[in-house]
Structures are given as structure tokens and as C-alpha cells.
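We're numbering straight along the sequence, starting at 1. Below, all heavy atoms of this structure are taken into account, side chains as well, without hydrogens, waters or symmetry copies. Quantities reported herein were computed from a predicted structural model and do not represent experimental measurements.
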Amino acid sequence: VSEESARDTLSTLRRYFDDASTVHNGTDKKAARTIEKFLTSRDVPTYTGETYRGVSVDPSGGQSAKDRIEKIIKSGRWKEPGITSFTSDRGQAPSFASHMGRSSNAVPVVLVNHRNVSGVPVGHLSQAFTQREVLYPAKTAKKGFRILGHEVVKNASGKDFYVIRISEK
């Protein structure tokens, strides 16, 4: 990797850390391509161990959030639209899940990836290094993670909280 290419990739990753939504949703295509190339390079190490993602599912199209989650579980695959951020810190995901919903009827979900194959640790590159971020390439996220099982638990405020066990393979 050339020094110029490395600088460009690092600069793009820093922009990603400032506003991940443009890359995750694919609206910043150049940044998404640069990060995807980095994540799928044979020169970067993959994270070994479990990873976690906290998300919040909102009601949509007349379906409740719980119905949407149950439909996803029945499909057997959890998919994301693009490059996706997980954490290697189990304690981080519930916090993200509880604060991400756009509506009061949102349901928090924690994804637990038991079999990481393509996630790349990037927390050391982020200003928020305590998040212990692990990025997954878009090709993995769009293909989806296989759902191994789930449970519904109550969070501290007594609200239902889904824990979904997933795997890349």
C-alpha cells in the first residue's frame, strides 16, 4: 500500500467515525469504496472473538417493531445496507440499542456475532477508541448474518429487549 493510499484511507476512516451514516447507507459512495477496499484487503487483520451490535427497530409500514423483528428472525438472516459497525465490548451494544430508536415504540436489539470471519478492528484508529469498534465490509452485511437463535429479555426499565445470536457462516 502506498503512503498516499494509506493517508487517504485513514482520512476517509476519520470522516466515517464523524458520521458513519453516509457510508453505512451508501450515500458517500467514494468513502464506502475506500473503506470497503481497506476492510477486504488481505493486509488487515480480522478481529478474533465475539462482536456485538446495538440497534433499535422502529415500527414501519403499519408493522409494529416487534412484528418486524419476528419477521427478520423467521427469515433466518439479519441484513444491513452497507459497511456496518460492531463492538468487541459486550457492554457497549445495549447502550447503543437503547438510544438509537426514532420513536417511543422502537424495540432495542443486541446482535451477538459468535463467529467473526471478516470484521476488522478499527477502534485504535478512532477518536472514540473506547467503543472498540469492529467494522464489517458491505459485502458481508448485505449478504446477511445467519440467525442462530434469540431471546427476549427485559431491560432496566422493564421494556422488551431482543438478543439475537448471529454468525457469518
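Within the 4.5 Å cutoff, the side chain of N116 has no heavy atoms near those of the T48 side chain. In this structure, the side chains of L135 and L13 come closer than 4.5 Å at one or more pairs of heavy atoms. Using a 4.5 Å heavy-atom threshold, the side chains of P108 and Y162 count as separate. By the 4.5 Å heavy-atom criterion applied to side chains, R132 and Q92 are not counted as neighbours. Residues T51 and T87 form no side-chain contact, since every pair of their non-hydrogen atoms from C-beta on lies 4.5 Å or further apart. Between V112 and V163 there is a side-chain heavy-atom pair separated by less than 4.5 Å. For the pair V110 and F161, the minimum side-chain heavy-atom distance is below 4.5 Å. With contacts defined as side-chain heavy-atom distances shorter than 4.5 Å, the pair I69/V107 qualifies.
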* Would you sort out whether H114 and R165 count as a side-chain contact (heavy atoms from CB on, under 4.5 Å), showing the intermediate values? => CA-CA 7 Å; H114 291 285; R165 293 178 310 284; 3.3 Å; yes
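For the ring pair (Phe, Tyr, Trp, His ring centres under 6.0 Å) condition, the pairs that include at least one residue of residues 60-91, sequence neighbours left out, are F86-Y136, F86-F145.
Interatomic distance, E168 CD to R146 CZ, rounded to the nearest 0.5 Å: 11.5 Å. Here the straight-line distance linking atom CD of E133 with atom CG of D89 works out to 12.5 Å at 0.5 Å rounding. Taking OG of S64 as the start and CG of D58 as the end, the distance is 11.5 Å to the nearest 0.5 Å. Atoms CD1 and CZ, from I166 and R115 in turn, are 13.0 Å apart once rounded to the nearest 0.5 Å.
With sequence neighbours left out, K66 forms a salt bridge (charged side-chain N to carboxylate O under 4.0 Å, His left out) with D160. With sequence neighbours excluded, the residues that form a side-chain hydrogen bond (donor to acceptor under 3.5 Å, both in side chains) with T140 are S118. E70 pairs by the salt bridge (charged side-chain N to carboxylate O under 4.0 Å, His left out) definition with nothing, not counting sequence neighbours. A search for salt bridge (charged side-chain N to carboxylate O under 4.0 Å, His left out) contacts involving R77 returns nothing, not counting sequence neighbours. Applying the side-chain contact (heavy atoms from CB on, under 4.5 Å) test to Q63 and every residue at least two apart in sequence or in another chain returns D67, R68, K71.
Here the side chain of T12 pairs a donor or acceptor atom with the backbone of D8 at under 3.5 angstrom. R53 contributes a side-chain N or O that, together with a main-chain N or O of S85, makes up a donor-acceptor pair within less than 3.5 Å.
Closest approach of V120 to P45, counting heavy atoms only: CG1-O, 3.7 Å. Between A93 and Y52, the closest heavy-atom pair is CB-CB, 3.7 Å. Nearest heavy-atom pair across G82 and A141 is O-CB, 3.1 Å. When all heavy atoms of E80 and T84 are compared, the closest pair comes out as CB-OG1, 3.2 Å. The shortest non-hydrogen separation linking N113 to S167 is OD1-CA, 3.5 Å.
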Side-chain donor-acceptor distances from residues 31-39 under 3.5 Å, at least two apart:
{"unit_1": "T34", "atom_1": "OG1", "unit_2": "K30", "atom_2": "O", "d": "3.1"}
{"unit_1": "E36", "atom_1": "OE1", "unit_2": "A138", "atom_2": "N", "d": "2.6"}
{"unit_1": "E36", "atom_1": "OE2", "unit_2": "A138", "atom_2": "N", "d": "3.4"}
{"unit_1": "E36", "atom_1": "OE2", "unit_2": "K139", "atom_2": "N", "d": "3.2"}

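Under the 4.5 Å side-chain heavy-atom criterion for Ile, Leu, Val, Met, Phe, Trp and Tyr, I72 and V153 are members of distinct hydrophobic clusters.
A salt bridge links E50 and R90; the closest N-O separation between the charged side-chain nitrogens and carboxylate oxygens is under 4.0 Å.
Hydrophobic cluster membership for L148: none, as no Ile, Leu, Val, Met, Phe, Trp or Tyr side chain comes under 4.5 Å of it.
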